[in-house]
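These numbers come from a predicted model, not from an experiment.
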Amino acid sequence: VSRYKAQRLGDRIREAGYGATVAWGSGQRGSVGIVSATVRRQEVAAVCRLADEVDPDAFVTVEEARAVRRGYMHITQREK
């Protein structure tokens with residue numbers, strides 16, 4: 001959740017090859033942008049770093065997805 005930089009955060013996550021959805025809501029101190037990205041567990045740290053680079057004040061939560069259907073998922077190449 002980012003008060004001022006949600007669109008840029010969503011764009012940056014997409015530029016890195018991940019899917020991101022940006023929505024708008026109302027927080028305690030006014031309008032906020034809500035960015036959702038579903039990534040594999042091993043990619044969480046990289047996406048959190050992107051969030052910190054774009055908006056160090058962003059509120060970030062990490063939740064486990066029990067199932068994922070449809071949508072866009074970034075597929076990483078496993079090293080051999």
Side-chain angles (χ1 to χ4, degrees):
V1 177
S2 176
R3 187 147 186 214
Y4 303 110
K5 300 178 182 178
Q7 190 63 55
R8 177 67 191 124
L9 177 55
D11 292 344
R12 182 65 190 96
I13 291 170
R14 287 187 209 102
E15 288 167 6
Y18 303 97
T21 300
V22 180
W24 305 100
S26 180
Q28 184 176 14
R29 295 189 176 102
S31 296
V32 295
I34 304 160
V35 182
S36 296
T38 302
V39 301
R40 297 179 190 289
R41 185 174 290 133
Q42 63 265 29
E43 298 168 330
V44 169
V47 174
C48 286
R49 279 192 298 275
L50 291 174
D52 288 342
E53 290 171 9
V54 173
D55 185 358
D57 296 322
F59 174 72
V60 177
T61 63
V62 177
E63 301 171 29
E64 182 176 348
R66 294 178 56 106
V68 177
R69 292 177 35 177
R70 298 179 202 58
Y72 177 82
M73 287 286 290
H74 173 75
I75 306 299
T76 57
Q77 295 290 333
R78 293 187 180 179
E79 293 185 36
K80 295 180 181 180

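Between the CG atom in Asp57 and the CG atom in Asp52 there is a gap of 10.0 Å [rounded to 0.5 Å]. Here the straight-line distance linking atom CZ of Arg12 with atom CG of Asp55 works out to 14.5 Å at 0.5 Å rounding.
Linking ILVMFWY residues whenever their side-chain heavy atoms come closer than 4.5 Å, directly or via other members, places Phe59 and Val32 in the same cluster. In terms of hydrophobic clustering, with Ile, Leu, Val, Met, Phe, Trp and Tyr side chains grouped at heavy-atom distances under 4.5 Å, Val44 and Val54 are assigned to a common cluster. Note on Val47 and Val62: same hydrophobic cluster, where clusters join Ile, Leu, Val, Met, Phe, Trp and Tyr whose side-chain heavy atoms are under 4.5 Å apart, directly or indirectly.
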Inset, instruction - Show your reasoning for whether side-chain contact (heavy atoms from CB on, under 4.5 Å) applies to Arg40 and Tyr18. - result: CA-CA 10 Å; Arg40 297 179 190 289; Tyr18 303 97; over 6 Å; no
Legend entry - side-chain contact (heavy atoms from CB on, under 4.5 Å) between Val35 and Leu9, worked out: CA-CA 7 Å; Val35 182; Leu9 177 55; 4.1 Å; yes
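Residue Gly33 comes nearest to Ala6 through the heavy atom pair CA-CB, 3.4 Å, listed as atom of the first residue, atom of the second, then distance. Shortest non-hydrogen contact noted between Gly10 and Val22 is CA-CG2, 3.9 Å. Closest non-hydrogen pair, Ala37 versus Ile13, comes out as CB-CG2, 4.3 Å.
By the 4.0 Å N-to-carboxylate-O rule, Glu53 lies too far from Lys5 to be salt-bridged with it. The pair Asp11-Arg14 counts as a salt bridge, with a side-chain nitrogen and a carboxylate oxygen less than 4.0 angstrom apart.
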